[in-house]
There are 2 protein chains.
Amino acid sequence: MTAVWQCQEVTSSPTGAVRQGSLRELNLAVVLRRIAAADRPPSRAELAADTGLTRATVSAVVDDLLGGRLVAEADYAPRTGAGRPARGLVLADHGPAGLGLEVNVDYLAACVVDLAGTVRHHVVHRADLRPVSPADALTRLAALAADARAAAVREGLTLAGAALAVPGLVSDGGLVRLAPNLGWRDVDVPALLAGHRLTEPVDGVPALVVENEANLAALGELHAGPPGTASFLHLTGEIGIGAGIVLDGALYRGTRGWSGEIGHIPVHPEGRPCRCGGRGCLERYAGQEAVLAAAGLAGADLPADTAAARLAELAEAGDPATRAALADAGTALGVTVAGVVNLLDLDTVVLGGGYAPLARWLRPPMLAEITGRVLTAAWSPVTVRPAALGARSAAVGGAASVVRRIVDRPAGWLTRAG
Amino acid sequence: MTAVWQCQEVTSSPTGAVRQGSLRELNLAVVLRRIAAADRPPSRAELAADTGLTRATVSAVVDDLLGGRLVAEADYAPRTGAGRPARGLVLADHGPAGLGLEVNVDYLAACVVDLAGTVRHHVVHRADLRPVSPADALTRLAALAADARAAAVREGLTLAGAALAVPGLVSDGGLVRLAPNLGWRDVDVPALLAGHRLTEPVDGVPALVVENEANLAALGELHAGPPGTASFLHLTGEIGIGAGIVLDGALYRGTRGWSGEIGHIPVHPEGRPCRCGGRGCLERYAGQEAVLAAAGLAGADLPADTAAARLAELAEAGDPATRAALADAGTALGVTVAGVVNLLDLDTVVLGGGYAPLARWLRPPMLAEITGRVLTAAWSPVTVRPAALGARSAAVGGAASVVRRIVDRPAGWLTRAG
DNA sequence: GTCATTTAATTCAACCACTGAACAAATTGC
DNA sequence: GCAATTTGTTCAGTGGTTGAATTAAATGAC
């Protein structure tokens, strides 16, 4: 007769109290999500049938959304037969938008994504940022952001929030604890960007989110990739190796936001020493440095994306050293991914970042290891495919996550808009 | 200008439509959860302050819960000062309860857990089930379940649902695809148990859930363990090695419910061949068979829990072979867990099942590998501790998950009770 | 060309559950 | 014994959903 739980703060579904107004607030989100997820502009009647709400309620909710300029009416082409024609509903292309930013080793990027998920503005500024101080780098980034904001305003968009992708570990509050390849340590990004107003304040959407690059790239893939893939592992191969883990349609960030350090999963426990202090980490076998060295390009010191392009070129030309290097990297990746799939029961692995252009050569050895080692591979195969957005998807993923938050919680935007 | 999402069925927060009655339904759950989570019987006024609801609403909600016999009034001892004394609210000890069942290699188990999380009945029936057919094993289990049900009725409890723990892969619908150590393959458990009515049907609580043993053991740990641990990895060392993954207070089951096969994560990719077809799986280095062989006890063919007890005994006595075997197993576990922690950013690892009694000897080598290999170990250490429930926690965890579902969704029980 | 048919969307009274304030209940302390 | 204090209930008011009736806008048969 032992008590099994006494004072557990288990938040298995972290639903807070439901107030009077929460009802409308929640239904706004339900309806808006359906509109966002539909493959053609749905009518009010269809929304009512889908959600289980009455047509009266849906009409009222849609009126709110129309008034707040989050959705617009569109023609509803496919006429089925008799009856009054439906008015299709689409996400507005002139309402709130998200600002996506990225600081990486050899480029800065800024982009604007609207509610419908369309990339309306995208600039990449190439520059070696390793010798630049964090403050200067962020000042340059703020200039890009200002341009992006001007572009958004020109198109009638309001920037509702920003997400900044950084190749490193980020604490709550946007503190970059460590970004080894950038040479950053304990950089307080929000403080350094405080002088520049990047976006308009909107209730429920944080003004600036700083997040690991691999995580945001995975979110980009979630939004851009084929529908139906709610859980997957997204690998970003740059100088380090990052993994973005998407489970049931949501990014898994870990207890402190430091998930995804797949580059330091041991592949050969007694193998090559790693700068992390461990031995035999994946990074030492499938990281860019290791692949370049094996391909005979050590010390070339190419920018990250150029390196991947060069490797693809050589592999395409049939260079045996490059082919062998990629095969070995693919095997190491496959061994690690097989373990991850055994643990997490995923059915999709996406090759992003620098791996995207090399997918053709990495995929076969990866699949060989996976099918040989994954317990359930016999029942249902694991898909390995290149990222839909390719490299540099982190900024777009970040911008998409901003507008996604508005779709998930439109009440904040509506109260703001009056 | 590419569209970033078109027809994505992203269910980042899977909230369905909110109907009129959902409001009360949700608030019933909110209030009941607070009562369950409180460390002393809360008053209506405290609940109102905690949840943000008005006292009037809380009173109405509590009336419903009292009427449905889900909570009861208790004396509220700590008088603070002036004012009308509060009436404390506790979970009822005579309402619904969960039935937990387990079929394992060398025992059957059944237990009853009430709403408050107290284990009210628990029987373990030892028997070697490997030579027994699935149908016969389940018939024997049904007899145990009938006893448990009678015991529940005697104590005024109503069994609202059952969970069955099985050492194998389970598909949706309760089909056991493969339980290697039991010798089961494609066993349709619900069909075989259809003849026996195990529980009373309650809206919103499935009559029988079949689930992997390691997953339910992890749920047991979630409920019994120290509060504040919402995410952890729970290792179950039996003949195979299973892992239950709890993220943010919820069991992570994987896309098909087959998560947690940590035993087949590669430790030495070119190492010992494994019966899964791969090479160098963790199971071959830290599984019971491997440890017994290394300790010089190969072929002893002991029941799983006896084997662990015997190893603990020998280690306690200072037997060098056993000590060395456990150190090696701990190292292999540490290497694997380090990888998992790097990937998932967990801060707690629980040693359950057969590992629980061996934790004293497994922990040091595990910690050595973890601190040496986990990137963020320097910032925040990883805790490795034995399971609070010890071995055989799967049945209790299953029963607890049943009552947990009632706490999370009390409306189903209330409509049933009239 | 007219009218029945069909489907979409709106209107409106009813109702449910929460809100806020006033009120009753039960205890402490002066 | 009475003011102070805190708990819990009562009750009119309100926001938002419900369901049926109504209006709107098309198709198709005669």
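Residues A:Q20 and B:G21 each lie close to DNA chain D; by heavy-atom proximity, the contact nearer the 5' end of the strand is made by A:Q20.
Not one side-chain nitrogen or oxygen of B:R24 sits closer than 4.0 Å to the OP1 or OP2 atom of C:dC16. Residue B:T57 places at least one side-chain N or O closer than 4.0 Å to OP1 or OP2 of C:dT19. Applying the 4.0 Å criterion to OP1 and OP2 of D:dT18, one finds that A:T54 has a side-chain N or O inside that range. Residue A:N27 places at least one side-chain N or O closer than 4.0 Å to OP1 or OP2 of D:dT17.
Contacts of B:R69 classified as side chain to side chain donor-acceptor pair (under 3.5 Å), with partners at least two apart in sequence or in another chain: B:H94. Take B:E211 and apply the side chain to side chain donor-acceptor pair (under 3.5 Å) test, not counting sequence neighbours, and it matches B:N215, B:R253. Evaluation of the side chain to side chain donor-acceptor pair (under 3.5 Å) rule for A:R149 yields A:E200 as partners, not counting sequence neighbours. Applying the side chain to side chain donor-acceptor pair (under 3.5 Å) test to A:R44 and every residue at least two apart in sequence or in another chain returns A:E73.
Look at CG on A:L414: it is 12 Å from P on D:dG16, rounded to the nearest Å. As a whole-Å value, the separation of A:L53 CG from C:dC16 P is 18 Å. Per the geometry, CG belonging to A:L66 stands 13 Å off C1' belonging to C:dA9, to the nearest Å. Rounded to whole Å, the distance from CD on B:E25 to P on D:dT17 is 16 Å. Atom-to-atom, CG of A:L26 to P of D:dT17 comes out at 10 Å; the value is rounded to the nearest Å. Between the CG atom of B:L28 and the C1' atom of C:dC18 there is a distance of 13 Å, rounded to whole Å. Computed from coordinates, the B:L89 CG to D:dT7 P distance equals 13 Å when rounded to whole Å. Counting to the nearest Å, the P atom of C:dA24 and the CZ atom of B:R87 are 20 Å from each other.
A distance of 9.0 Å separates CG of A:L53 from CG of A:L47, quoted to the nearest 0.5 Å.
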Distances under 3.5 Å only, N/O to N/O: pair up the protein atoms with those of nucleotides 9-12 of chain D.
{"unit_1": "D:dT9", "atom_1": "OP2", "unit_2": "B:S59", "atom_2": "OG", "d": "2.4"}

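Taking 4.5 Å as the limit, some side-chain heavy atom of A:P42 sits within range of a side-chain heavy atom of A:I35.
Under the salt bridge (charged side-chain N to carboxylate O under 4.0 Å, His left out) criterion, the residue pairs touching residues 51-64 of chain B are B:R24-B:D64, with sequence neighbours excluded.
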